[in-house]
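What you see is a predicted model, and the numbers here were worked out from it, not measured in a lab.
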Amino acid sequence: MPDSRTSDASELQLTADGQLRHLLTLRGLSRDQLTALLDRADAFVSTPGSAVMRSDTLQGRTVANLFFEASTRTRASFELATRRLGGDILNLDIQTSSSAKGETVLDTISTLMAMNVDVFVVRSGRTNTHADIARHVNEHVSILNAGESVISHPTQGLLDLLTIRRKKGPFENLVVTIVGDVAHSRVAQSAMQGLVTMGVGELRVVTPPSLAPGPDCVHEARILTSLSEGLHGADVVMALRIQKERFTHNEGIPDVDAYFSEYGLTQKRMQQAAKDAIVMHPGPMNRGVEIEASLADGPSSVISEQVRNGVAVRMAVLEAVTNRKP
Ligand code: CP
């Protein structure tokens, strides 16, 4: 059952005639809508070493990256996506912006809207910030969620779907297993929402009881505590980062060695999965904690492809929200 925050966000993101205006959550988007974004992103995927696809879709448009939490992949890929579509990109340095003097997020947004920013890409550790901004901005302006607290990371969800589809084909034939700190993972939330919408054959979540997902988790997921059970015959295995920065005082961060010995993904353990199973990780990785370094760098790993597909997905999303018909 979606909570009021996410259902509110899913209602805000579409125009009255069903076009994507903002991307706040994957919840509420239909299989056809996700498929259209994935198909468009597929066309933007570039082969390493070959020239990247470019267009002038964003010519005359300005995108602003507002990251209130750290990022390498998401922020860089939105910047590259904007440039490859011919737009201008503004990377606001939050630490040295007037945020540091107490300016509210909405005042910062209004200030940048006055400079003709058309799309805001926002990462925030707070829930509801994205929806609040979406309610505040002018009609032609779009908000893209680049990570919201522990509840949503929709473009990561899309790039995970694209990577799985490109490597493994139709979702309905697949067993997908997500392993790790699901309690603190917005990546897992969006991946699970997208996988269920796309009709995944079986969705398993393997986690110690202390890191199990909350009541907002999609109810289709089978929650397991045994890694062996979760890996058995899996076609896709996604490891999650232990998000030390999100643990509260009461929770207690797991002992790293104990965690690795019970839940760490290793080449040996992956032998329980399907023979041609792929290994995913959203990054950044804690090597030797949730994933063995040799597995992360080995032939079954698609981690670099996830990153590459992230640029393509962000191009597709930027194009979709800026190509809205009046
Ligand atoms: N996967 C992901 O969101 O990575 P960054 O934190 O580096 O953007």
Is it the case that one hydrophobic cluster holds both Leu37 and Val307, taking links as side-chain heavy atoms less than 4.5 Å apart, direct or via other members?
no
Non-hydrogen atoms of Leu24 and Ala134 that approach each other most closely
CD1-CB, 4.2 Å
Please check if the side chain of Asn309 supplies one atom and the backbone of Glu305 the other of a donor-acceptor pair under 3.5 Å.
yes
Value rounded to 0.5 Å, distance of CD in Glu103 from OG in Ser110
8.5 Å
Report all side-chain donor-acceptor pairs from residues 225-236 shorter than 3.5 Å, counting only partners two or more places apart or in another chain.
from   : atom 1 : to     : atom 2 : distance (Å)
Ser226 : OG     : Ser228 : N      : 3.4
Ser226 : OG     : Glu229 : N      : 3.0
Ser228 : OG     : Gln272 : OE1    : 3.0
Glu229 : OE2    : Arg222 : NH2    : 3.2
Asp235 : OD2    : Val175 : N      : 2.8

Under-4.0 Å salt bridge between Lys325 and Asp17
no
Taking salt bridge (charged side-chain N to carboxylate O under 4.0 Å, His left out) as the test, write out the residues that go with Arg75, two or more places apart.
none
Distance-only, no hydrogens or angles: does the Asn286 side chain make a donor-acceptor pair with backbone N or O of Val289 under 3.5 Å?
no
Between CD on residue Glu69 and OG on residue Ser124, distance to nearest 0.5 Å
6.5 Å
Is a donor on one side and an acceptor on the other found under 3.5 Å between the side chain of Ser190 and the backbone of His153?
yes
Of the non-hydrogen atoms in Gln189 and Val150, which two are nearest, and what is the gap between them?
CG-O, 3.7 Å
Between Val141 and Leu318, is there a shared hydrophobic cluster once you connect ILVMFWY residues whose side-chain heavy atoms come closer than 4.5 Å?
no
4.5 Å side-chain heavy-atom contact, Leu211 and Val182
no
State, with a plain yes or no, whether a side-chain heavy atom of Val137 is found less than 4.5 Å away from one of His22.
yes
Before giving the answer on side-chain contact (heavy atoms from CB on, under 4.5 Å), spell out for His140 and Asp118 the whole-Å C-alpha distance, their side-chain angles and the decisive distance to 0.1 Å.
CA-CA 7 Å; His140 73 279; Asp118 302 289; 3.6 Å; yes
Around Glu172, counting heavy atoms of other residues, nucleotides and ligands shown, do more than 12 lie under 6.0 Å from its CD?
yes
Would you say the side-chain atoms of Asn145 pair up with the backbone N or O of Gly147, donor to acceptor, closer than 3.5 Å?
yes
So, Arg165 and Asp42, do they make that salt bridge, N to O below 4.0 Å?
yes
Any link between Leu20 and Leu159 through a network of hydrophobic side chains (Ile, Leu, Val, Met, Phe, Trp, Tyr) touching at under 4.5 Å?
yes
Those residues at least two apart in sequence (or on a different chain) that pass salt bridge (charged side-chain N to carboxylate O under 4.0 Å, His left out) with Glu290 are none
If I compare all heavy atoms of Leu12 with all of Arg135, which pair ends up nearest, and what's the gap?
CD2-CG, 3.9 Å
Can you check whether Ile133 reaches Thr129 side chain to side chain, under 4.5 Å on heavy atoms?
yes
How many angstroms lie between atom OG of Ser142 and atom CG of Leu23, to the nearest 0.5 angstrom?
10.0 Å
If hydrophobic clusters are built from ILVMFWY residues whose side chains come within less than 4.5 Å, do Leu112 and Ile143 share one?
yes
So His184 and Leu240, do their side chains get closer than 4.5 Å, heavy atoms only?
no
Show the nearest heavy-atom pair for residues Ala212 and Thr207, with the distance to one decimal.
N-OG1, 3.3 Å
Salt-bridge contact Asp297-Arg287 (side-chain N to carboxylate O under 4.0 Å)
yes
Beyond-backbone contact of Arg27 with Asp216, side-chain heavy atoms, under 4.5 angstrom:
yes
Side-chain donor/acceptor of Thr74 to backbone N/O of Ser71, under 3.5 Å:
no
Phe78 and side chain to side chain contact (heavy atoms under 4.5 Å, CB included): which single residue from Val63, Leu144, Asn91, Val311 fits?
Leu144
Going through the checks in order, is the salt bridge (charged side-chain N to carboxylate O under 4.0 Å, His left out) test met by Arg40 and Glu319?
CA-CA 9 Å; Arg40 189 62 185 138; Glu319 187 183 75; 2.6 Å; yes
For Ala221 and Cys217, work out which heavy atoms get closest and say how close.
CB-SG, 4.3 Å
Any side-chain donor near an acceptor of the partner, Thr62 and Asn116, under 3.5 Å
no
List in chain and number order the residues that pass salt bridge (charged side-chain N to carboxylate O under 4.0 Å, His left out) with Arg308, two or more places apart in sequence or in another chain; answer none if no residue qualifies.
none
Heavy-atom side-chain proximity of Ser300 to Ile278 below 4.5 angstrom
no
Check whether any side-chain heavy atom of Arg186 lies under 4.5 Å from a side-chain heavy atom of Ile151, and answer yes or no.
no
To the closest 0.5 Å, what do you measure between CD (Gln306) and CE (Met238)?
6.5 Å
Atom OG1 in Thr57, atom CG in Asn323: separation rounded to 0.5 Å?
6.0 Å
Residue pairs involving residues 260-304 (criterion ring pair (Phe, Tyr, Trp, His ring centres under 6.0 Å); sequence neighbours excluded)
Tyr259-Tyr263
Do Leu80 and Ile89 sit in one hydrophobic cluster, given that two such residues count as connected whenever their side-chain heavy atoms are within less than 4.5 Å of each other, even indirectly?
yes
Least distance between heavy atoms, Met198 atom then Thr35 atom
CE-OG1, 3.3 Å
Taking only residues two or more places apart in sequence, or in another chain, which ones meet Arg54 in a salt bridge (charged side-chain N to carboxylate O under 4.0 Å, His left out)?
none
Residue Lys167 excluded, over 12 heavy atoms near NZ under 6.0 Å:
no
Give the C-alpha distance, both sets of side-chain angles, the deciding distance and a yes or no for salt bridge (charged side-chain N to carboxylate O under 4.0 Å, His left out) between Glu202 and Arg204.
CA-CA 7 Å; Glu202 186 181 339; Arg204 302 175 189 162; 2.8 Å; yes
Measure the shortest side-chain to side-chain distance between Leu34 and Leu158 over non-hydrogen atoms and say whether it is less than 4.5 angstrom.
yes
Determine, stepwise, if the pair Ile164 / Leu195 fulfils side-chain contact (heavy atoms from CB on, under 4.5 Å).
CA-CA 10 Å; Ile164 293 170; Leu195 284 164; 4.0 Å; yes
Using a 6.0 Å distance limit plus a 45 degree cone around the ring axis, check whether Arg123 lies over the aromatic ring of Phe67.
no
CD1/Ile291 to OG1/Thr266 distance, rounded to the nearest 0.5 angstrom?
9.5 Å
